[in-house]
There are 2 protein chains.
Amino acid sequence: MSRSNPRVLSTLERAGGFASAQEVYKLMQREGEKIGLTTVYRSLQSLLSDRIVDVLRRDDGEAIYRLCGSTHHHHLVCKGCGDTVEIEGGAIEKWARTMAEEFGYRDVGHTAEIFGLCPKC
Amino acid sequence: MSRSNPRVLSTLERAGGFASAQEVYKLMQREGEKIGLTTVYRSLQSLLSDRIVDVLRRDDGEAIYRLCGSTHHHHLVCKGCGDTVEIEGGAIEKWARTMAEEFGYRDVGHTAEIFGLCPKC
DNA sequence: CGCAAAATTGATAATGATTATCATTATCAG
DNA sequence: CTGATAATGATAATCATTATCAATTTTGCG
């Protein structure tokens, strides 16, 4: 059997929003934690199957994880300088729920990002 | 510059639903087409940026492509069987525009997907 | 305690998709 | 034809993820 290493969960919490396995690993390294990459992957898998975290995919295919149930936000990202604003997504939540219901889907999550040019760019 | 090889598009059409680059390549090989894997990838990228196909991710992260209608839409994707429904996203368009305006962003686009378990899964 | 079985860990190698290189080939205007 | 430009594809490089397996830690029990 294999259980999740609690330090992985705690790091993911501290990371705020989404983080990939690689990012969690690097973050832990930077903070002086001694842990192997393998264990990070294993722990995230385990947290996933326990429904403690959710997984999404970045555009490049890298898997990113976040705590389930914690309120989440979306991002407004500048294509020019990469600056990011966290924004509220109430309308999206509702849209996702409505659409899922309409087609009989259960256990739904969603992704949504907006990108454009910020005032400075 | 680089344009899309028409045989790639035609193969993707013939494949029916979604197909990954690797699958399109293998399919073309099996049918005796002489084409390189690189060209398949390039063509799919090109079709993607021309909005002729759209891309999703399988659970394992592999990119899958499919012809898409010209109208802008979003997807409701089943995590179990991969089944996909195209849905209307008027609410999202509005949300994106509102948020962008609030923070002074211009030239905005967005991504949004919903995923869950379909009635059959 | 002492000790063996089971679980956990992590370095390393393997896998597999995707992307970068770069030399070759096809196309096309003048 | 001829040179320029674009397209192609074999090959190597990259990068996340997964498999291996030996070493270490934990656990249960006499």
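From a predicted model like this one, the values you see are computed outputs, not experimental measurements. Proteins get letters first, then strands, A, B, ... in listed order; numbering begins at 1 in each.
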B/S/- along nucleotides 13-26 of chain C (protein heavy atoms under 4.0 Å) is ----SBBB------
Rounding to 0.5 Å, atoms CD1 (Ile35(B)) and CG (Leu27(B)) come to a distance of 11.5 Å
Can you find a heavy atom in the side chain of Tyr65(A) that is under 4.5 Å from one in the side chain of Val24(A)? no
*Side-chain contact, heavy-atom cut-off 4.5 Å: Tyr41(B) with Gln22(B)?*
yes
Q | Polar contact flag, side-chain donor to acceptor under 3.5 angstrom, Arg7(B)-Thr11(B) | A | no
For dT9(C) and Thr39(A) - does any side-chain N or O of the residue sit under 4.0 Å from the phosphate oxygens OP1/OP2? no
Rounding to 0.5 Å, atoms CG (Asn5(A)) and CE (Met28(A)) come to a distance of 6.0 Å
